Amino acid sequence: MTTPLESLPAPSVTPAEYGDALTKFLRTDPRVEPYLGYRPESFEEAASHLRGVQRLLCEEGWARLGWPERFGGLGGDPRLRAAMFECLWNADIVIPEPYSLLEVLVPVLMIYAPELAREHFLPLLRGEENWCEGFSEPDAGSDLASLRTRMEPDGAGWRVTGQKIWTSNGHLSRRSVLLARSGEPGHRGLSMVLIDLDQPGVEVRPIRTESGEQHFSEMFFDGAWLPGDRVIGRLGQGWEIAMYMLQWERGAYGWLQQGRLHNRLGLALSAAADGAGERTGVARALGSAYAAAAALRMRTRNTVERLARDETLGPEVAIDKLLLVDAEVATWDVVRELYGPSFDVEPDLEWLRAEFLFSRAAPIYGGSQEIQRTLVAERVLGMPRTR
Ligand SMILES: Cc1cc2nc3c(=O)[nH]c(=O)nc-3n(C[C@H](O)[C@H](O)[C@H](O)COP(=O)(O)OP(=O)(O)OC[C@H]3O[C@@H](n4cnc5c(N)ncnc54)[C@H](O)[C@@H]3O)c2cc1C
């Protein structure tokens, strides 16, 4: 009898071959059934339900392909990970939220904190643990280098004191990657660390958003304990690592989002209220949204391929974020139009309404669009600096 891993394609498989094999698995394995066409009831319910598909994909080996063997992966082309996401949205499976963070964080840990990557990669991939990113503070968002959460030496580790805000998944996470001040003012005094949230001295308060969801949290640290081996990279290297992390945030994250947008456009088209697609305004908006989503797809595909070749990306990744903003906003405007008046009231569309409202945050999260435009102007086009 073959074990699940023996039935997998070899790591030398191409993304297209891997995609065919995974699609077959998703169509035929009865354990996948609860996830096909699943519609979340809430952020928390989705997190709990989708942990099952995350575990299944990891245990069967699909999610481990494309990650290096030395950390617990099964090796192979990193683009296999992007192919897995494509198979999931093609099968109308909601992509588990933790995959976004994995794609952003794990490549960074593999370089700057390989011991932590070895210890935590598989529990994260399996969905046994969830982590979050605690960077922003009430007075430090765009101006992140002014953050005030501080870490002070104490015996074999540090004590962390301060406040973070807008931490996605904070209340569902066991640990947080944190930017904290370990030295002088400004970006050189920052370190990146991994802190446990389930300990005295830490309070995590969910924030309720306009959609009624609890997507993010505030986190309060009052002398919380940070063991000595939890610094990612070197002390004072936090800013450099955060900047390196950004390129991963643009790559796989943008790729994941464009897949979701194409999927939602497809759903809206098939559910379109009678004649909606024939109204000139709607047809034009639909064309623009599709063009924006297609531009994002082409751009992020290129970014994912560059990352897979180990290229270091520069400030041009700001363009990926700007394309994401355009695609997200245009897509959701037209999705709402296509569903017609039922979009705002139909109980079964609650999950889509939550996504619609979340789309309004695209110009802000992960670096606001104004900041991205300045980056493109100054660092890509070489225009005079404003500051
Ligand atoms: C849905 C969502 C999820 C998030 N998840 C996380 C997370 O998981 N972890 C985390 O740490 N943070 C997270 N954030 C926070 C996010 O990174 C910040 O909101 C963002 O960086 C902007 O910072 P701010 O809110 O302090 O706004 P500010 O920096 O105060 O900006 C307010 C406005 O002023 C503009 N502005 C500011 N400075 C300039 C400038 N120099 N030039 C031109 N315009 C400027 C901005 O573009 C913006 O429009 C999330 C935010 C959202 C909306």
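Whatever order the structure lists ligands and atoms in, that order sets their numbers, starting from 1. Remember, it's a predicted structure, so these values are computed and weren't measured experimentally.
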Handout entry: ligand 1 to S368 polar contact by distance, N or O atoms, under 3.5 Å
Key = yes
Handout entry: Side-chain donor-acceptor contact under 3.5 Å, H171 with E44
Key = yes
Problem - Main-chain N/O of L125 paired to Q54 side chain as donor or acceptor, under 3.5 Å - result: yes
Practice task
Verify whether one side chain among E328 and W332 offers a donor that lies under 3.5 Å from an acceptor in the other.
Solution key: yes
Fill in the blank from the handout: Counting from 1 in the order shown, the ligand 1 atoms closer than 4.0 Å to a non-hydrogen atom of E133 are 7 (C), 8 (O), 9 (N), 10 (C), 11 (O)
Completion exercise
Restricting to heavy atoms, the pick from A361, P138, G367 nearest atom 53 (C) of ligand 1 would be A361
Problem - Option from W89, F85, Y99 for which ring-ring contact (aromatic ring centres under 6.0 Å, His included) with W255 holds - result: W89
Practice task
Measure the acute angle between the ring planes of Y244 and Y112, then classify it against the limits of 30° and 60° as parallel, tilted or perpendicular.
Solution key: perpendicular
Completion exercise
Looking only at non-hydrogen atoms, the one of I364, L144, I371 nearest atom 19 (O) of ligand 1 is I364
Exercise for the section: For ligand 1, find out whether one of its N or O atoms is nearer than 3.5 Å to an N or O atom of T167. Expected result: no
Handout entry: Under 3.5 Å: N/O of S168 near N/O of ligand 1
Key = yes
Problem - Ligand-side contact atoms (ligand 1) for residue partner E370, heavy atom cut-off under 4.0 Å - result: 43 (C), 44 (N), 46 (C), 47 (O), 49 (O)
Problem - E137, any N or O under 3.5 Å of ligand 1 N or O - result: no
Completion exercise
Heavy atoms of L122 and G72 approach each other most closely as CD2-O, 3.7 Å
Practice task
For ligand 1, find out whether one of its N or O atoms is nearer than 3.5 Å to an N or O atom of S142.
Solution key: yes
Practice task
Name the option, out of W166, F358, F216, that contains the heavy atom nearest to atom 2 (C) of ligand 1.
Solution key: F216
Handout entry: Between T149 and E137, a side-chain donor and acceptor under 3.5 Å
Key = yes
